[in-house]
There are 2 protein chains.
Amino acid sequence: MRDLRYFLAVAEELNFTRAAERMFVSQPALSKQIRRLEELLRVRLFDRDRRTVVLTAPGRALLPRARELVRVWDEARRAVGEAAAAEAAVLTVGVSSSVGRGLLPAARARFAERRPHWRIRVRQVDWEDPTAGLAGGGEADLALVWLPVPGQEDLSVRVVATEPRWVALPAGHRLAGRAEVAFSELLDEPFLALPESAGPLRDYWLALEERAGHPVRIGSVVSNADETFEAVEEGSGVVLLAAGNAAIYRRPGVVTLPVGGLSPSRLALAWRPDDHRPAVRDFIDAFLDAAAGPARDGLTQDGRTGDGQAGS
Amino acid sequence: MRDLRYFLAVAEELNFTRAAERMFVSQPALSKQIRRLEELLRVRLFDRDRRTVVLTAPGRALLPRARELVRVWDEARRAVGEAAAAEAAVLTVGVSSSVGRGLLPAARARFAERRPHWRIRVRQVDWEDPTAGLAGGGEADLALVWLPVPGQEDLSVRVVATEPRWVALPAGHRLAGRAEVAFSELLDEPFLALPESAGPLRDYWLALEERAGHPVRIGSVVSNADETFEAVEEGSGVVLLAAGNAAIYRRPGVVTLPVGGLSPSRLALAWRPDDHRPAVRDFIDAFLDAAAGPARDGLTQDGRTGDGQAGS
DNA sequence: AGCGTCCACAGCCGATCGTTATCACACCAC
DNA sequence: GTGGTGTGATAACGATCGGCTGTGGACGCT
């Protein structure tokens, strides 16, 4: 199975070194495994003539089957996990940062009315996976994510709140005393960035769109909230964040303030469109009810009426 | 992949010890691997309550996917092998014993007329696999087999020759001087048998049908021609064989003679019905032409006109 | 009570799979 | 040419894996 993923990586990159990076292993390890796979099949899968790598005929024959195998395997893992969850009566909600706001407890309560014997487990997921464990082999049944989420076409998504974007600065920063800043004043600051794997979400929190081509300086790459605020505190850079998170992650050495001239961030509940388990549907309803319920501390709400995009 | 096969074996047997035997590993090894798979999936796949083994809900969810994965993997191996063979312009013919008779060289010649740049490779396969490498992950593209071949419904089969069955006896045997024996005289002899995995073919060469319930004594299990004749020579038992093989495998210490009262053995060319490669079709035509060609040393011939059964 | 069956556990060993360090070669810039 | 860069192969080594044998304990059956 692993070898098949390696094979796919090399077949897609046509470059051992880059494929190895993508699979998070060293290049010799990947070379060796490919060689082993070739020995197992008694066939050369790639022609490596010094400078270029191309698939051989047997390699081309393997390619679609390997994809199929990886797909079925991932699906099997998911199905097994779901079967276990159904037996244990547990739903797992992946979250990227403490984005629950008041929503999670409220949703929990409403869900408990309908399914008293079910439990909700909340799992923090690092920002390497912007779908918070929902995509691929992740173990989340639902996720609270920031839009835009990569691979959005394969997910059902419903916006549950919008919040203006703020900025976090080290306490000694030249702008730290201000009550508000315009984004144009931050253009030349070093920014903390999400990992590459976060794709469009990384661009979003760098506000690439609002820079209109003005280049961005990456001060550091961060993959969870703790890393982020430590990096801000030690002056590696500044970072945009949702207004709600500015309140939650308040800490000495870091100052947060509103930023003018940026579109608001959108928080969404996401799930797998092909996941028709009743408990999941009930939780979605419970959550959206909660989001549409009594107003909470200044959040602009979307709830059921928002511009939520139901995935395919 | 291996672990999936183990899982399938246990799921089908619902018994670790028997499953381990089926997979040709020790029972602790299989237990450990199942446990590892369970750890990987973070789920219990079987409920073992001391005396009985049953699938859990996650196990039931995995079962069909595991079958699918094994199926696609086997298919992928076959496809890769075929792609390599097409490039190398080689066809592999599996044979169980030297059953080629005059047929193989004749077929080779006719095939060479149509596909001069292709080569034919003949591969001897032990009798553990009565399809001579055609079924499962075997590497034969075609096979010369004795009927009945297990799993015949998944193969295309064409009878190319029928031969009376003879018996091989040690030189000192009480019947060794005879010109011919009746099968009824052999009923109480110890017989050499094919491995269990040969299924109906094992029964066929023990002539179970013609024994009409008379019990058979197994002198020894043999899985290739050399083993067989050595076992005969040292007196482990007697063995039935096709008339043609009696001539080919003549050796001091072993006597062969015709047996009356047995149906004749049928030699068949077999291939995979879903294998539509032109070279394979050409070889089938060449072989059947050769089998229908000039008569050779006393063999009853079937060729194209025989009662060949075209598989599904 | 004693035996057989069946699964789990422990201890051992060779093969596998990962690492880092280094080499060999092709290409490119100069 | 010459040296730098990028790429894949190779070497040496350590941790883990996957198999083995031997053993133990629970249960059913005589």
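So that the names make sense, note that chain A is the first sequence line, chain B the second, and so on, each numbered from 1.
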(Q) Heavy-atom nearest nucleotide on DNA chain D for A/K32 versus A/V53: which residue maps closer to 5'? (A) A/V53
Q. Which part of the nucleic acid, if any, lies within contact of A/Q33, taking any heavy atom under 4.0 Å across all strands shown: a base, the sugar-phosphate backbone alone, or nothing?
A. sugar-phosphate
Q. Using a cut-off of less than 4.0 Å, is there contact between a side-chain N or O of B/R48 and OP1 or OP2 of C/dC6?
A. no
Q. Can you check the A/R18 CZ to D/dG6 C1' distance for me, whole Å?
A. 10 Å
Q: Tell me which nucleotide among C/dT19, D/dC20, C/dC7 gets nearest to the side chain of A/A29.
A: C/dT19
Q.
If the cut-off is 4.0 Å, is B/N15 near the phosphate of C/dC7, judged by side-chain N/O to OP1 or OP2?
A. yes
**Q.** Whole-Å gap separating P (C/dA15) and CD (A/E39)
**A.** 14 Å
(Q) Are the side chains of B/P148 and B/L201 in contact, using a 4.5 Å heavy-atom criterion? (A) yes
Q) Using 30° and 60° as the class limits, which term best fits the ring planes of B/F16 and B/F46: parallel, tilted or perpendicular? A) perpendicular
Q: Indicate whether OP1 or OP2 belonging to C/dA15 is found under 4.0 Å from a side-chain N or O atom of A/R36.
A: no
Q) When the nearest nucleotide of DNA chain C is assigned to B/S31 and to A/P28 on a heavy-atom basis, which residue is associated with the more 5' position? A) B/S31
Q: Grab the CE-P distance between B/M23 and D/dC20 for me, whole Å please.
A: 12 Å
Q. A/L30 has an atom CG; how far is it from atom C1' of D/dA9, in whole Å?
A. 13 Å
**Q.** N-O pairing of A/E12 and A/R22 below 4.0 Å
**A.** yes
Q: Name the nucleic acid region contacted by A/Y6, choosing base, sugar-phosphate or nothing; use a 4.0 angstrom heavy-atom cut-off, strictly under.
A: sugar-phosphate
Q: Output yes when at least one side-chain N/O atom of B/R2 is less than 4.0 Å from OP1 or OP2 of D/dC17, else no.
A: no
Q) Within the structure, does a side-chain N or O atom of A/T17 lie under 4.0 Å from either OP1 or OP2 of D/dG6? A) no
Q) Is A/L4 close to A/R67 at the side-chain level, that is, under 4.5 Å between some pair of heavy atoms? A) no
Q. Given atom CD of B/E38 and atom C1' of C/dC7, what is their separation to the nearest angstrom?
A. 13 Å
Q.
When you measure from the side-chain N and O atoms of A/S26 to the phosphate of C/dT19, is any distance below 4.0 Å, counting only OP1 and OP2?
A. yes
Q) In whole angstrom, what separates B/E21's CD from C/dC7's C1'? A) 14 Å
**Q.** Atom pair distance, as rounded to whole Å: CG in B/L14 and P in C/dC6
**A.** 13 Å
Q: Give the rounded distance in Å between these two atoms: CZ of A/F46 and C1' of D/dT7.
A: 15 Å
Q. Looking just at side-chain N and O atoms, do B/T17 and B/E21 make a donor-acceptor pair shorter than 3.5 Å?
A. no
Q. Given D/dT10, is OP1 or OP2 found less than 4.0 Å from the side-chain N or O atoms of A/R35?
A. yes
